[in-house]
Structures are given as structure tokens and as C-alpha cells.
Student: 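Below are the C-alpha cells for one structure; questions will follow.
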Amino acid sequence: MVQITLPDGSSKAFAQPVSVAEVAASIGPGLAKATLAGAVDGRLVDASHRIEQDASLRIITARDEEGLDLIRHSTAHLMAQAVKRLFPETQVTIGPVIENGFYYDFARKEPFRPEDLESIEREMARIVDEDLPVSRQVMDRDEAVAFFQGQGEEYKARIIADIPAEETISLYRQGDFIDLCRGPHIPSTGKLGAFKLTKLAGAYWRGDARNEMLQRIYGTAWPDKKQLKAFLKRLEEAEKRDHRRLGKQLDLFRFQDDAPGAVFWLPRGWTLFRQLIEYMRERQDEAGYVEVNTPDVMDRSLWETSGHWQNYHEHMFTTQTEDERVFALKPMNCPGSVSVYKHGLKSYRDLPIRMAEFGKVHRYEPSGALHGLMRVRHFTQDDAHIYCTEEQMEEECRKVIELNLSVYRDFGFEDVRLKFADRPDNRIGDDATWDKLEGALKGAIDAMGLEYTHNPGEGAFYGPKIEFVLRDAIGRDWQCGTLQVDLNLPERFDATYRTADGGEARPVMLHRALFGSLERFAGILIEHYSGNLPLWLAPVQVVVMNITDAQADWVGEVVSDLRRRGFRVEADLRNEKIGYKIRGRTLEKIPYLLIVGDREVEQRQVAVRLRDGTDIGAMDLDALGERLSGEVARRGPIGDNGQR
RNA sequence: GCCCACGUAGCUCAGGCGGUAGAGCACUCCCUUGGUAAGGGAGAGGUCACUGGUUCGAGUCCAGUCGUGGGCACCA
């Protein structure tokens with residue numbers, strides 16, 4: 001007698017051991033058909049799994065999260081089978097589930113062509129039509145190794161060698177295709193169908209660049225065609241907010257072949273960039289920072305002192321002058337900052353010193369890493385270094401965290417996560433010091449009652465760090481800010497301060513950035529807002545347009561008046577119809593369009609239209625100025641109507 | 001850096017088997033002075049990424065270089 005308890009609390013008794021599929025069938029034919037697998041006492045198993053003793057059972061269908069993963073995993077197998085049918089000389093390796101889909105890595109001399117994806121998809125569809133049953137089989141280790149070697153599947157044999165001895169080795173067969181897999185899988189290939197192969201890529205065996213490169217095929221899979229279509233639609237939408245595309249469309253910035261990884265900021269983009277700096281300056285002034293500026297090019301010896309020359313030489317741009325001196329372009333601002341700190345004696349009375357710098361750093365990033373504004377070789381950091389005593393450290397950390405979160409909120413990022421990375425194996429400094437540093441960082445987070453995730457061993461060799469991760473409007477995460485404690489540089493540069501009793505001590509050095517890279521942050525903002533930058537950031541805030549030449553003078557007056565009030569305003573006096581001008585400026589995502597005809601001239605007013613098409617009627621310049629000022633001051637996640 | 005793909009006007013893109021380039025938008029000029037997402041006409045604009053090769057002849061074929069895209073690796 002086997003007693004099966006179902007999620008609703010009801011239970012069913014069976015005279016003999018019973019499979020998941022049989023239980024499902026006993027409940028109803030619809031469920032039987034939908035069954036993909038089961039969770040027996042919480043453990044995922046195949047639908048064919050026989051339950052020998054009393055257990056709780058949850059039947060997994062496409063509606064469950066596990067069901068979706070199962071579909072994706074089985075679709076990866078389906079693809080591997082299709083590939084083996086079409087290209088028998090290919091070896092299979094691994095094929096895991098990833099966000100929204102799956103991939104499978106293949107080893108094959110000839111690379112796949114993009115056209116091959118279509119034929120593989122067709123073959124996959126054929127196998128789905130064949131509705132091949134999928135069956136599980138357990139093999140002992142040696143037998144399995146011999147089996148895969150016999151099939152010419154060397155990679156599979158290597159994978160088996162890595163499976164811990166106590167784990168059973170299971171194989172899944174569907175028709176002529178047998179793959180090593182932990183499972184579970186769907187009961188037959190006919191359960192699949194809503195998939196699409198999306199991209200072709202190279203990938204190193206076991207993710208190690210020293211290994212040979214395999215060929216990866218990515219795909220997406222869903223319970224039904226409707227969800228597949230919806231996903232593809234979402235991809236398209238995401239593409240529309242790509243900052244590279246919007247950067248071109250809105251004339252914000254451009255790249256040029258002879259300056260790879262370097263941004264040419266156009267007037268409108270630079271206006272956005274300037275807003276970021278001016279805003280940060282304001283916030284830092286309020287928060288008691290001083291600002292400095294240090295050289296871009298400094299002698300090799302300085303980089304030897306900082307340790308960059310030894311450790312990061314291959315990522316640094318260097319220059320040699322006629323007198324044979326070797327200089328490097330700064331890859332980080334901290335050595336410059338410490339140099340400023342060291343200028344003149346410092347007393348404990350001077351601390352903390354919060355020293356900010358909008359420094360442009362230059363890093364020779366690998367060519368394959370470059371990506372629009374998100375990963376460049378030359379970028380500006382909103383960097384700051386805080387020199388303080390050990391006692392001040394926790395308080396200073398707290399202030400940094402507070403400032404960061406408040407700044408992110410102003411840019412419309414409410415969802416910010418903290419990651420705390422502590423001591424790595426390879427580190428400098430003794431454990432007592434690390435205890436103190438980690439304690440201060442964690443103490444600051446705890447004192448503020450914030451949640452954080454823990455990244456054990458992920459800290460820098462010179463100190464622990466906190467990372468700030470922002471979630472944008474479409475749910476993507478961006479790591480922007482960092483707060484790091486540094487034991488290394490004060491030591492290397494022999495930075496000191498005079499203590500109260502006349503002795504000398506080492507200051508603690510905190511590195512912090514909020515935006516990280518301003519270039520990248522600008523890119524994130526463009527995508528976050530889909531180009532519809534809120535009023536305070538919009539490069540051009542207002543365009544004033546006339547209906548006929550007769551209103552040109554009033555347009556001119558309106559423009560100068562609003563500029564006097566501090567807004568970024570342009571006139572559009574072109575000899576075009578008003579509909580044409582509105583369309584053009586709307587596509588430029590200008591927040592406020594002011595339309596001026598004879599009526600408005602007479603009343604000394606402007607007719608106001610928002611970029612989302614809302615017509616908010618005519619008003620005079622005082623009323624408009626007030627509205628604009630309010631919206632600018634509010635910052636934050638602002639919709640087109642100025643509503644939060 | 002590695003794998004695959006791509007590089008034609010400011011932008012988006014056409015250019016079957018090799019015969020020295022084409023559209024739409026944008027731009028300039030003319031007509032039009034029109035009230036909330038494209039009025040009409042004319043014109044100008046390209047060393048087809050670069051270098052070399054094959055060929056009587058190369059955007060078109062081949063090789064290399066540079067750049068871009070998607071991944072992988074990297075991201076102090």
C-alpha cells in the first residue's frame with residue numbers, strides 16, 4: 001500500500017508502487033497530459049518515476065516554475081539531438097538552462113553557420129512531431145565512460161570523471177540520442193515546441209580561456225507559442241531603448257573607428273554629462289567634500305610605487321617622450337589623490353578629509369569587452385577618497401551609503417541592492433585589521449538597517465568592499481557604486497597624520513564612487529528612461545515654435561525669458577507646418593513644446609504640449625516657469641506629465 | 001584576447017551569376033504662412049572601412065588589417 005499526499009492535503013492510496021504519471025492519470029486525463037514531472041517529497045523526478053513508499057507529491061506542469069525550467073532543459077537536449085542527426089561528427093558537452101532559455105556547447109571542427117540554426121530548428125520540429133519517449137537509465141561509472149568513449153564523446157567521458165563518486169550516473173535516451181544527464185526530463189519530445197534558436201557564439205570549455213573554444217548555440221523556450229512571441233516582442237522593445245541606438249537618434253554621442261572605446265560627446269549628450277557632474281558637485285559640497293584635480297599622465301615611478309605598474313601594466317596606456325621618460329595615463333585616480341594628501345603635514349584635526357575628483361581614467365580594456373558607453377577605455381569617475389582615523393571609519397562609511405542611496409533616488413532608482421565582499425584568500429594585512437575593517441563596513445550597513453547580500457572572499461586584496469547594484473526600469477541590474485577600504489596605498493605612499501599625542505599614524509583610506517563611470521551611468525540613464533530623460537536632465541528642455549512668421553518676435557522673447565530663468569530652450573522658426581515641427585521635436589523627446597500663434601502673442605502666452613502628446617493649454621511665462629522649476633527640483637522618477 | 005557575423009550618403013537600408021552605385025529620411029534652395037506627429041517641387045551629397053591580390057574590369061571574389069555587433073574570457 002502506497003499513500004500519496006497531494007499539495008491540497010488530500011491523499012490517495014495505491015495498492016502497488018505507482019508512477020507520477022499514473023497518479024496524475026488517476027486524477028484526470030487533462031492533468032495526465034499536462035504532466036511533465038513530479039516533486040516527490042520535494043525532490044524533482046521524472047513522470048515515469050515509480051514511488052515505492054508513502055510520499056507527498058506535487059505534479060509539475062508547464063505552469064510551474066520548475067516546469068518551465070524542465071521545458072528549457074529538455075529543449076536543450078532536443079537541440080543536441082537535432083545537431084547530432086544533422087552533423088554526426090559533432091561532440092556534445094553541456095547544455096544548461098539559463099534565464100529565458102538554454103544553451104548547448106558543441107565541439108566540432110567546422111563552425112556552425114547562421115543558416116545552420118534554421119535547419120537545426122526544422123530538425124527539432126521533426127523530432128517533436130515524432131513524439132519520442134524520453135527514458136532514464138542508470139549506469140555505473142566505468143560502463144558510462146566506456147559507453148561515451150565508444151560513441152566518440154570524449155567530453156562526456158571527461159564530465160563523468162568529475163561527477164562525485166557517490167552520485168549515480170544517469171543517462172537519458174530519446175530515440176537514437178543518448179545524453180548524460182542528471183534530469184529530470186519531460187516524458188516525451190512531443191511536449192515541446194515553442195522554441196527559437198537565438199544566437200551562435202564561441203565559449204571556452206569549462207569557461208577557461210586557456211582551454212579550447214567550443215561552439216555554443218543559444219535558444220529560448222516557452223510552454224506555448226504565445227509566450228514565446230511575447231518574449232521575442234520584449235527583446236525588440238529592449239532593443240529600442242538601447243543607448244547606442246538612442247545616442248545616435250538623439251544626437252547625444254558617437255564613436256569613431258580611430259578611437260575605439262572612446263566617446264565623442266555631442267552638444268546634447270555633453271549637456272547631460274554636465275548635469276551629472278554639476279549635480280554631484282552640489283551634493284558633495286553639501287556633504288563636506290573638497291574637490292581636486294590631478295594629472296592624467298604621470299611618471300612610471302609613481303605607478304611603481306602604487307603597484308599598478310607591476311600588476312596592471314598590460315591594461316595601461318603608456319607614452320614615451322623624446323627624453324625617453326616613460327609615463328602612464330592614469331588608470332585610477334587614487335595615486336594622484338594620495339599625492340595630494342601627502343602634500344603638507346596632516347593633523348588628526350584635519351581628518352576626515354573627503355577628497356573628490358572627477359578624474360578621467362584610461363584603461364586598455366580587451367577589444368572584445370568594449371560595448372557602447374557601458375564599457376569604454378576612457379571614462380570619467382565620480383571618484384573620492386576619504387582619509388580618516390579608524391574611529392571615524394564607520395561613521396564615514398555610513399555617510400557614504402546614505403549619500404549614495406539618496407543620489408540614486410534622485411535618478412529614479414528606488415531598487416538598490418548592497419553586496420558586501422569580505423576578505424579573499426590572497427590578501428595583505430593581518431586578521432585583526434581585517435576584523436576591524438569588515439566590522440566597520442558591516443556596522444555601517446547594520447546601523448542603517450539595510451539588507452545586503454554577502455559575497456564571501458570577493459573583497460579586494462587590499463580591503464573589503466560594498467557594491468551598489470541598481471535595478472532599472474526593465475529589471476536589469478547595474479553595478480555602479482562601490483565603497484572600499486584600502487590598507488595598501490596609505491602604506492605604499494607612506495601617508496601619515498600627526499596624532500594628538502604628537503606621534504604619527506596611518507590614515508584609513510576609503511575609496512568611493514556613486515556613478516562609477518559617468519559615461520556608463522549616462523548610458524544606464526538613457527536606457528532606464530528609454531531616452532525620455534526627466535526635465536532636469538533633458539539636454540533641451542523646451543522648444544518654442546511659431547505657427548507663422550508673424551509670431552517670430554514673441555518666440556524670441558519667450559526663449560530669452562526662459563533662458564534667463566535658467567532653462568535650456570531652443571526656438572524652431574523653420575518655415576514648416578506646425579504638425580511637422582511637433583512631430584520632429586517629439587521624436588527628439590523634448591519634454592516641453594511651446595506653440596505660439598496669433599492668439600498666444602495677443603495674450604502674451606504660450607500653448608504647452610508635453611512630449612507624450614498631452615495638451616495642457618495656454619499659460620503665461622510666470623506660470624510655466626513655476627511649473628518647470630517645480631519639475632526640475634523634484635528630479636526622481638518622473639513621468640511625462642510631471643507626476644511621480 | 002578568442003569564436004561567429006557584419007562594415008554602401010549624416011541616419012535607416014537596396015544593390016540575382018564581377019561591367020566604375022540607388023531609395024526613404026535628414027540637409028540646401030524655391031513655392032506654400034499652414035493651429036498640435038510628415039504640404040509640394042528642385043538640388044546637393046558616396047575613394048562602397050582600409051591594404052594587398054585574382055581579373056580586361058572588383059561594393060561584388062580571395063587574403064590581411066582596423067572597426068562594430070552577439071557571445072566567451074576579462075573588468076584592479
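In what follows, chains carry the letters A, B, and so on, assigned in the order in which the sequence lines appear, proteins first and then strands, with residues in each chain numbered from 1.
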Student: Tell me: CG of A:D258 to P of B:G67, nearest whole Å?
Tutor: 10 Å

Student: Considering residues at least two apart in sequence or located in another chain, which fulfil the ring pair (Phe, Tyr, Trp, His ring centres under 6.0 Å) criterion with A:F195?
Tutor: none

Student: When syn is taken as a glycosidic angle within 90 degrees of 0, is B:G10 syn or anti?
Tutor: anti

Student: Expressed in angstrom and rounded to an integer, what is the separation of A:Q551 atom CD from B:G34 atom C1'?
Tutor: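 Those two atoms, CD and C1', are 11 Å apart.
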
Student: Quick one: A:F264 CZ to B:U68 P, roughly how many Å, whole number?
Tutor: 12 Å

Student: On the 0 to 90° scale, with breaks at 30° and 60°, tag the A:H385-A:Y387 ring pair as parallel, tilted or perpendicular.
Tutor: tilted

Student: Residues two or more places apart in sequence or in another chain: which of them pass side chain to side chain donor-acceptor pair (under 3.5 Å) with A:E154?
Tutor: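 Residues passing side chain to side chain donor-acceptor pair (under 3.5 Å) with A:E154: none at all.
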
Student: Could you tell me whether A:E89 atom CD has more than 12 heavy atoms of other residues or ligands within 6.0 Å of it?
Tutor: yes

Student: Report the residues that fulfil ring pair (Phe, Tyr, Trp, His ring centres under 6.0 Å) with A:F231, sequence neighbours left out, ordered by chain and then residue number.
Tutor: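 Counting only residues at least two positions away or on another chain, A:F231 forms a ring pair (Phe, Tyr, Trp, His ring centres under 6.0 Å) with A:W222.
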
Student: Are there over 12 heavy-atom neighbours, none belonging to A:D258, within less than 6.0 Å of that residue's CG?
Tutor: yes

Student: Taking the inter-plane angle between the rings of A:F253 and A:H243 on a 0 to 90° scale, is it parallel (under 30°), tilted (30 to 60°) or perpendicular (over 60°)?
Tutor: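 Because their plane-to-plane angle lies in the 30° to 60° range, the rings of A:F253 and A:H243 count as tilted.
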
Student: Determine the stems involving RNA chain B; a stem requires 3 or more consecutive pairs of the Watson-Crick or G-U wobble kind, each with both distances below 3.5 Å, and the answer is none if no such run exists.
Tutor: B:1-7 with B:66-72, B:10-13 with B:22-25, B:27-31 with B:39-43, B:49-53 with B:61-65

Student: When the C1' atoms of B:C6 and B:G41 are compared, how many Å lie between them, rounded to an integer?
Tutor: 38 Å

Student: In whole angstrom, what separates A:I217's CD1 from B:A5's P?
Tutor: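 Spelled out: CD1 on A:I217 to P on B:A5 is 13 Å.
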
Student: Sticking with atom C1', work out how far B:G22 lies from B:A14, rounded to a whole angstrom.
Tutor: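 Each nucleotide's C1' atom is 7 Å from the other's.
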
Student: Using the C1' atoms only, state how far B:G45 lies from B:G10, rounded to an integer number of Å.
Tutor: 10 Å

Student: Does NZ or CZ of A:R72 come closer than 6.0 Å to the centre of the six-membered ring of A:F102, within 45° of the ring's axis?
Tutor: no

Student: When every nucleotide of nucleotides 35-51 of chain B is labelled 5' to 3' by its protein contacts under 4.0 Å (heavy atoms), B for base, S for sugar-phosphate only, - for none, what sequence of letters results?
Tutor: BBBBB------------

Student: When rounded to the nearest Å, what value does the distance between P atoms of B:C50 and B:C72 take?
Tutor: 32 Å

Student: Quick one: does A:E438's side chain have a donor or acceptor within less than 3.5 Å of a partner on A:R423's backbone?
Tutor: yes

Student: What residues form a side chain to side chain donor-acceptor pair (under 3.5 Å) with A:Y155, not counting sequence neighbours?
Tutor: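 A:Y155 satisfies side chain to side chain donor-acceptor pair (under 3.5 Å) with A:E212 only.
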
Student: Ignoring backbone atoms, test whether A:K581 places a side-chain nitrogen or oxygen under 4.0 Å from the OP1 or OP2 oxygen of B:G34.
Tutor: no

Student: Work out how far the C1' atom of B:G57 is from that of B:G19, and round it to whole angstrom.
Tutor: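 Nearest-Å result for B:G57 against B:G19 at atom C1': 7 Å.
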
Student: Indicate yes or no: does A:E570 engage A:R268 in a salt bridge with an N to O separation below 4.0 Å.
Tutor: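 Between A:R268 and A:E570 there is a salt bridge, with a charged N closer than 4.0 Å to a carboxylate O.
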
Student: Applying side-chain contact (heavy atoms from CB on, under 4.5 Å), can you list everything that pairs with A:K109, at least two apart in sequence or on another chain?
Tutor: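 Scan of A:K109 (side-chain contact (heavy atoms from CB on, under 4.5 Å), adjacent residues dropped) gives none.
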
Student: Please figure out whether A:F112 or A:D549 has its closest RNA chain B nucleotide nearer the 5' end.
Tutor: A:F112

Student: Using the C1' atom on both, measure B:G52 against B:U68 and round to a whole Å.
Tutor: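 It comes out at 23 Å once rounded to the nearest Å.
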
Student: For A:R574, which contact category applies under a 4.0 Å heavy-atom criterion: base, sugar-phosphate, or nothing?
Tutor: sugar-phosphate

Student: Can you check each nucleotide of nucleotides 69-76 of chain B against protein heavy atoms at under 4.0 Å and return B for base, S for sugar-phosphate only, - for none, in 5' to 3' order?
Tutor: SBBBBBBB

Student: Using heavy atoms and a sub-4.0 Å distance, could you list which residues of residues 89-100 of chain A are near RNA chain B? By number, please.
Tutor: none

Student: State, with a plain yes or no, whether a side-chain heavy atom of A:D422 is found less than 4.5 Å away from one of A:W434.
Tutor: no

Student: Would you mind listing every side-chain hydrogen bond (donor to acceptor under 3.5 Å, both in side chains) that reaches into residues 366-376 of chain A, with sequence neighbours excluded?
Tutor: A:E365-A:R375

Student: Dump the intermediate steps for ring pair (Phe, Tyr, Trp, His ring centres under 6.0 Å) on A:Y104 and A:Y218, then the final yes or no.
Tutor: CA-CA 7 Å; A:Y104 210 112; A:Y218 284 91; over 10 Å; no

Student: I'd like the C1' distance from B:U47 over to B:G39, given in whole Å.
Tutor: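 It comes out at 38 Å once rounded to the nearest Å.
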
Student: Nearest whole angstrom, please: distance from the P of B:G67 to the CZ of A:R254.
Tutor: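 That distance rounds to 16 Å.
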
Student: With sequence neighbours left out, what residues match A:W309 under ring pair (Phe, Tyr, Trp, His ring centres under 6.0 Å)?
Tutor: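 Counting only residues at least two positions away or on another chain, A:W309 forms a ring pair (Phe, Tyr, Trp, His ring centres under 6.0 Å) with A:H313.
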
Student: Do A:R108 and A:Q215 have side chains that approach each other closer than 4.5 Å (heavy atoms only, starting at C-beta)?
Tutor: yes

Student: Please give, in whole Å, the distance from B:C11 C1' to A:K248 NZ?
Tutor: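 Atom NZ in A:K248 sits about 8 Å away from atom C1' in B:C11.
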
Student: Can you give me the N/O atom pairs linking the protein to nucleotides 14-16 of chain B at distances under 3.5 Å, or say none if there are none?
Tutor:
none

Student: Taking atom C1' in both B:A49 and B:A37, what distance in whole Å separates the two?
Tutor: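 Those two atoms are separated by 37 Å.
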
